[in-house]
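Here the structure comes first, spelled out in C-alpha cells, and everything after it is commentary.
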Amino acid sequence: MRLLEYQGKELFAKAGIPVPQGRVAASVEEAVQIMREHPAPSVVKAQVLVGGRGKAGGIKFCSDAEDVKGPAQAILGMNIKGEIAKRILIEQRVDIEKELYLSITVDRASKKPIVIASAMGGMDIEEVAAKEPSAIAKYCVNTAGGYWPFIGRRVAKEADIPAAVTGQFVSILGKLYALFFDVGAMLLEINPLAITKDGKLIASDAKVDLDDNGLIRRADLEAWRTDLPDHELEQRARRTNLNYAYLEGKGNENVGVIGNGAGLVMGTMDAVRAAGGEATDFCDIGGGAKADVVRNAVDIVTADPRVKALFINIFGGITRGDEVARGLIAALDGGTWKKDRLVVRLTGTNEREGRAVLEAAGIVAVETMNEGAAKAVAIAKS
Amino acid sequence: MRLLEYQGKELFAKAGIPVPQGRVAASVEEAVQIMREHPAPSVVKAQVLVGGRGKAGGIKFCSDAEDVKGPAQAILGMNIKGEIAKRILIEQRVDIEKELYLSITVDRASKKPIVIASAMGGMDIEEVAAKEPSAIAKYCVNTAGGYWPFIGRRVAKEADIPAAVTGQFVSILGKLYALFFDVGAMLLEINPLAITKDGKLIASDAKVDLDDNGLIRRADLEAWRTDLPDHELEQRARRTNLNYAYLEGKGNENVGVIGNGAGLVMGTMDAVRAAGGEATDFCDIGGGAKADVVRNAVDIVTADPRVKALFINIFGGITRGDEVARGLIAALDGGTWKKDRLVVRLTGTNEREGRAVLEAAGIVAVETMNEGAAKAVAIAKS
Amino acid sequence: MSIYLDRNSIVLVQGITGREGLYNANRMRAYGTRIAGGVTPGKGGQTIEDFPVFDTVSEAVARTSATVSIIFVPPPFAADAVMEAADAGIKLIACITEGIPVHDMLRAVAAIPADVRLIGPNCPGLVTPGQSLVGIMPGHVFSAGNVGLVSRSGTLTYEIVDQLTRAGIGQSTCVGIGGDPIIGTVFTDCLRAFQEDPDTHAVVIVGEIGGTDEEDAASMIARREFTKPAVAFIGGRSAPEGKRMGHAGAIVSGSSGTAQAKVQAFERVKVPVADSPATIPELVRSVMREPARK
Amino acid sequence: MSIYLDRNSIVLVQGITGREGLYNANRMRAYGTRIAGGVTPGKGGQTIEDFPVFDTVSEAVARTSATVSIIFVPPPFAADAVMEAADAGIKLIACITEGIPVHDMLRAVAAIPADVRLIGPNCPGLVTPGQSLVGIMPGHVFSAGNVGLVSRSGTLTYEIVDQLTRAGIGQSTCVGIGGDPIIGTVFTDCLRAFQEDPDTHAVVIVGEIGGTDEEDAASMIARREFTKPAVAFIGGRSAPEGKRMGHAGAIVSGSSGTAQAKVQAFERVKVPVADSPATIPELVRSVMREPARK
C-alpha cells in the first residue's frame, strides 16, 4: 500500500523525523484557510502516487491566502499521468542548500533491510545509479542486530554526506529504521533529504510503501487505504480480497485472464500475447479458491468493457477443479457473460470432477494453455 | 536497582500485565483514604526489598476504612530484617485457585534472556529447584529472534501450566519480555502468578531488578531510586558514583577496605579475614580513579564508626599510583582520619611516583597484600 | 538420490486440524509421504483421521523423530510456526502460507539457525517424485527421473512439470521456492544442492519478473559453481512496469526486475530460455545431449 | 605461540582522542604493540601523537589492515563501537569500557558474527608477554613463558601475575575476561584456546563469586576437553550473600554463585584452589611437575 506524500510525512513527523510545516487540503477553500492561518511563502504540491508531478505542473508556489487560490484551483482535479490529484499539500517553503537521498527498503537478495544513501539527492536514484554508481552507498542491516549508530556513520562516510550534518543524518536514519519496522514498510524514501541554508536536515518529500500483509498488525494505517487512486475495479477487487490488476498499455487489450497462482496467470498473459492478443488484467484466484471466489473474479474481470473474451486457466494443486467449475457455473448463471466468449482450461487436482461439472453446463475445457490462449484471442477478434 | 512491589506493579500495569487494583500509602491517613474510596476486602503489604515479609508480619488483611488502621499502623515503620517499611501497598484481595511462577532474567552462561516458569508458584523458586527440579521449565530466548508466541506455548507445556490458561500465559510472557527490554531489566519475577477462581491470570507480586547501567536510557525510572532503603553510606556513595557496599555480618567488622577493581577488593577482604579481621565494606574506586575519587572513598569508608583501621590496596593498571597518593593525602589533610590507622599498598602503574608522594607525607607503603592485611588487622585490634 | 527430501523423511503438518492442513495431510499420505502427525496448539492428545496431534512441535519431534515440517497456519501466526519448527530441531520447513507480513519473515529468516532449510513461504512446497511430496502440488503430474526443477511460481510449475512428464522426462526433485519478497531458499541454494546430487543431470529454472534471483543464478553459473545443463523460463514478459503481479515479489520497478534483463542474464551464460512452457521439454533434451559447459 | 594475540597483531584504538584512549595507546605502543591508529567519529583525518585518526572503523581497517581493536568509548556508545568493529571485519575486540548497559551487550553479543572474538566488556584486556599488550594492564608485571592465565578480575590479575613473574613463572597469554553479566569470552572459550596452544603448558583460572563460569570450566575439565595442568583461585570468599560486589556479575544469590560451590567444583576435577594469590606460584609448580590428568 503506497501512501501519499502527506501521509508519509505524518508518519515521519510522529517518528521524530523533521518535515516542513504543512497541511493537506481537498478544496480551494481549505487551502485559503490554511494560508490564512499560516501566511508564509509556501509550496502547493499535488498529492499523487505517480512520479514526475513537478514536470506535469503539479507543484506551484504561493505566499498568502489570496495567492493560493490559483495554484490550488489548477492542481486540484489535475490529471497527472492518469491519476487525479484529489488533495494538495501546502507546505512552508524551505531554503535548500543541498539535496541528499536516503531510503530503506527490503532487500530480497540479502533478506535484510537495505539502507541506500547518496549525496546526490533530488533526482531519481536509478538515474544516479546509472550515471554515477560510486555516489551511492548501500548497507544491508543485520535484522538480528538491528540499527546501531555506526551504521549511519558508515553510510554517511561512504555516501559523502557533508560532515557537518552527519550527526543529524545518523539520528534521522535511526528513526527511519525504527519506523520501517513499526509500520511494516516495504520502502521508506526521503528524496530529497534537504540540507537547509542554516544547516538543518529536513525531509522534503516522503515516499512510503507499506506491506499489505503487514497491515494485520497495523489496522490503524488501513484507514488511509481509501485515499489511494487505484482503478475502480482494483478497489472493488481489494475489498473482496482478490488479487487483481487492471492492465493498461497500447489500447489493444482484449482478453480477460483468470488463473490460479501468480506465475500461471503471468504465463497465461504471456501466452495470450504470443497468440496475438493482449490481457486486460492480471487476476489470480490464489491457492485453494472456493466457488464464490471464482464467481467474484469472473464478475470483476468481465465488468471491464474491453474484455472481448475470457480465458480461465486453472492448474489445480491446492485449488480443486470441481470448486472452480461450480463457481464458474454460478457466475454464468447469475451474470450476463455468455459462455461462447469463455475459454476454460482445467487440469490438476479434481480435474475430472471439474470437467464433468462444466460439460453438464455445455462447456468443453481445452487441453493446454497455448491452445486456450489461441482460442480466446480468436474469439476476442471475432 | 531493585524496585519495590508497588513500583514493579506500576510497570506491569503499563505493560498490560494484569495486576490487582491497588494503591500505595505512606501514612495511616492515606491508607484510610484509600479504603474509603475503594471499600473492598483488601490486603496490606509492607513495601520492602527483603524476602520473607509475610512470616515477619508484613502482610495483613482488612475490609474497610476503619479496619485498615490497625494493619497500617502495625506495618508502617516495621523493621523487617533490618529494613524499615516506609510504605504499604493496599490491594483488593483476589480469590486464588492456584499459584504459578514466571520470571525473565539475564542468563550469563547463554548470554541470553532466560524465561523460567513453574506450575509450583508461591514459594521460592530455588526451593522448588531443590525439591522438584522437573517442575521448572527454562528457555533461553534467542535475543536476535526475540519473543515469539511459540516460546510461551513451549514453556507452558513443559512447566505443566494448566491448558485453560495457556493463552493468557503466552500473552503475559510476551508483554513481560517486551517490558524486560523496555526497562533494561536484570530480573522480572512474578511469584505468584495467580490463577483466580474465575480462571484469570493475575500478577500477585512483582519483583523487578533494573540494570543500573541501563538507566542512562531510562532516566525516568531513576526517580524511583530514592525509595530504596539502602544503608545511608551506600546512598551517599551512590550519589557520588562510588562502588561501595556496607557489609554486616557477625558484628566483628573492623577493617575498612578500599581498592581498585572489584576482584582486588574482594581479594583484599578475603586477605583481611585470613589475617583474623573482617572487612566493614567493599569499596572499589574503579579503573583510572583520580585524586578526588580517592578522597571521597576515604571520607565515606571512614565515616563508619566500626572502622578501626583502613587498608588501601592499589594495583595500578589504568589507575595511576600518583593520582591515588595525591587523593589520599588530600583526604587526610581535609579529614579527621589519622595516618597511624592507615595501611597503604601501592604497586603497578606510576608506583614510584605514588610512593614518593606518600613518603613525603610520612606514609610508608607495604609491599604485598597479605602483609598489608596483617598490619591493618593488628592496628584494628590494638 | 534427490535434494532435501526423500522416502525416509518423516514429516509433521503444522496446522493439521485446519481445512487445508488436513486435506493436504491426507493427499501427502496418499502420495506416500511419511506423515508422522500434526501440531495444533491446544488440540494436543487428539487424533484426527489417524494422525496424532500435538500441542507443540518440540513435543511432536520428541515423540516422532520428525525432521521435516510443512506449515498450513494462518498468516498472522505462520512466522511463529516457522520459528517453532526451527527451534524444535526441524531441519526442513516448507511454509505454504500466503500473506505472511514481510517483516515477520525478515525477523524469522534472521533468527533461523544456518542448518535449517526453509522453503517458502507462499510456496507450493517440494516433491521428490515417487518418494515424498511435501506441499500442495498435484502429485500425479510428477514422475521420477534426473531433471531437477526450481521455480518461483506454483501453478506454473505444475504446468511445466506436466509438460516434462508427458514428454517422458522425469524429475529428481522439484522445489517451489515461493513468490514472497523474503523467502528462505533461493535459486542459488537449490542449484548448489542440485550440483551435489549425482542423480540430477540437468535443471529447469522457472523464474519470473521482479528481484534479481535469476541474475544471481546466472552469476553462479558464470562462476562455474553450477555446471550441469540448465534451461530457464521467465514468466511475466507481458507484464507492465510498476504493476504488482499478485504477490509483492513480482513487480518490475524501473529498469530492475524486467523479464528482458533476466532472459539476457541466462543467455549470456549459455542457458537457453524457453518462449513457452510447451517448448521446455525439447530444450531440456537438447542441453542434455550437448557436452557439459566448462 | 600464544592465544588470540601475538607480535603481528595490528591494533586500532577506538576512542583514541579521549583521555584514557590516548594514554593507553601510548602505553601499549611503548610496550611494543603495533598500534595502527585510532577511530573517533568526526575527527577523521587528524593525527594525534603520531597516531592517524579515522572517522569509521571500516575506513581504518581498509587503510591499516588492522584485525584487532581496543575500545575506550563511553558506556552509552560502547556497544555501538563493538558492533562497528565486528561489522568492519575486526576479529579480536577488547572492550575496556565499564558501565555498558547489559541490554546493549545482550543485543551486541547476539549480533556479532561467530568468527569475531570479543573480550569484555569491563575488562582489562589481554597480553601476550613480550609481544603485544591490548589493554590497560601494567606491562612490567608480565613475563613471557608457558603458563596461560584467564581471569574475571582486573587488578587481582595483576596481583597474581606479579606473583608469578616474581617466582620466575612466565606467561603465554593472560586474558582478563571482565566482570559484567554479559561478556563475549568466558573461561571455557579461553581454556579451549589454551588447549590448542602448544606453548601453554599450564593454566591459572582466576574466578570470583557469582554466576557459573567456574563450574562450567570445571565441567569442561571433567569432560576431558581441557587436559593441561590447572590451578584456580576464587575471589570473594568473605563476601556476604545478596550484596553486589562492585559489578553486577559478582553477587551471591541464595545458594548459587558461592565461592564454596566454585572451590568444590574445581576440587572435584582435581584442580587445586589457592587460598591466597601468594600461594599460586607454588601450586603452579606442583601441578606442572605432576603427570597430566587423563
Side-chain angles (χ1 to χ4, degrees), chain B residues 50 106 108-109 111-113 124 126 130 142-145 180-181 184-186 211-217 243-249 259-267 269-274 278-279 282-284 286-288 313-319 347-349 351 368-370, chain D residues 20 23-24 27 75-76 96 98-107 109-111 124 135-138 141 151-159 162 179 181-183 186 206 208-213 216 235-240 243-250 254-256 275-278:
Chain B
V50 291
V106 172
R108 291 171 64 93
K111 304 173 192 174
K112 292 173 182 167
D124 196 85
E126 291 211 13
N142 178 350
T143 319
F180 186 75
F181 275 88
M186 296 300 292
D211 172 29
D212 289 292
N213 295 333
L215 292 172
I216 50 173
R217 307 231 182 287
N243 259 328
Y244 170 92
Y246 180 90
L247 305 181
E248 250 181 319
N260 62 322
L264 187 66
V265 179
M266 279 192 281
M269 288 159 49
D270 295 346
V272 166
R273 178 181 285 184
E278 191 72 28
F282 165 97
C283 180
D284 172 15
N313 187 10
I314 303 296
F315 205 116
I318 201 168
T319 309
T347 188
T349 308
E351 165 182 343
T368 71
M369 180 161 79
N370 288 355
Chain D
E20 294 304 331
Y23 175 74
N24 284 289
R27 284 183 70 220
I96 309 304
E98 183 179 349
I100 303 178
V102 171
H103 283 248
D104 283 14
M105 290 312 304
L106 276 177
R107 286 180 59 205
V109 296
I136 55 171
M137 304 94 132
V141 301
S151 171
R152 279 173 65 189
S153 163
T155 41
L156 189 61
T157 306
Y158 319 155
E159 181 75 47
D162 195 37
I182 300 294
I183 52 177
V186 293
V206 183
E208 62 187 26
I209 53 166
T212 58
D213 291 9
D216 295 343
R237 298 186 189 203
S238 62
K243 276 282 180 187
R244 196 170 279 183
M245 293 295 118
H247 49 77
S255 63
S256 101
D275 285 325
S276 147

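Residue numbering restarts at 1 for every chain, and letters A, B, ... go by the order of the sequence lines.
Considering only heavy-atom pairs separated by less than 4.5 Å from chain B, the leading option among D/V141, D/D104, D/N24 is D/D104. Chain B forms the most heavy-atom pairs under 4.5 Å with one residue out of D/G235, D/P138, D/S276, D/S151, and that residue is D/P138. Highest contact tally toward chain B, considering only D/G99, D/G154, D/A110, is held by D/G99 [criterion: heavy-atom pairs under 4.5 Å]. Your options are B/P113, B/G286, B/A185, B/A144, and the one with the most heavy-atom pairs under 4.5 Å with chain D is B/A185. Of the listed residues (B/M369, B/M269, B/K112), the greatest number of heavy-atom pairs within a distance under 4.5 Å of chain D belongs to B/M269. Taking B/G316, B/G261, B/G267, B/A271 one by one and counting their heavy-atom pairs under 4.5 Å with chain D, the maximum is reached by B/G316. Interface summary for chain D: among B/N142, B/T143, B/T368, the most heavy-atom pairs under 4.5 angstrom belong to B/T143.
Side-chain atoms of B/R273 never come within 3.5 Å of backbone atoms of D/A239 as a donor-acceptor pair (strictly under, hydrogens ignored). Of the possible polar contacts, none joining the B/D211 side chain to the B/M186 backbone as a donor-acceptor pair under 3.5 Å is found. Side chain of D/T155 to backbone of B/F315: no donor-acceptor contact under 3.5 angstrom is found.
For chain D, the nearby part of B/D212 is the side chain; its heavy atoms alone come within less than 4.5 Å. The contact between B/K111 and chain D is made by backbone and side chain atoms together, counting heavy-atom distances below 4.5 Å. Both the backbone and the side chain of D/E159 come within contact range of chain B, judged by heavy atoms closer than 4.5 Å. Heavy atoms of D/I100 lying under 4.5 Å from chain B belong exclusively to its backbone. Heavy-atom distances place both the backbone and the side chain of D/P76 under 4.5 Å from chain B. Using a 4.5 Å cut-off between heavy atoms, B/N370 touches chain D through its side chain atoms alone.
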Given B/T349 and D/R27, is the side chain to side chain contact (heavy atoms under 4.5 Å, CB included) satisfied, shown in steps? CA-CA 10 Å; B/T349 308; D/R27 284 183 70 220; 3.5 Å; yes

Output, in order, the C-alpha distance, side-chain angles, deciding distance and verdict of side chain to side chain contact (heavy atoms under 4.5 Å, CB included) for B/R108 and D/D213. CA-CA 8 Å; B/R108 291 171 64 93; D/D213 291 9; 3.6 Å; yes

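Separating the CD atom in B/E278 from the CG atom in B/L247 is a distance of 8.0 Å, to the nearest 0.5 Å.
Every residue two or more places apart in sequence or in another chain that forms a ring-ring contact (aromatic ring centres under 6.0 Å, His included) with B/F180 is listed here: D/H103. Among residues two or more places apart in sequence or in another chain, the side-chain contact (heavy atoms from CB on, under 4.5 Å) test is passed with B/D124 by B/E126, B/E127.
Residues B/T347 and D/Y158 form no side-chain contact, since every pair of their non-hydrogen atoms from C-beta on lies 4.5 Å or further apart.
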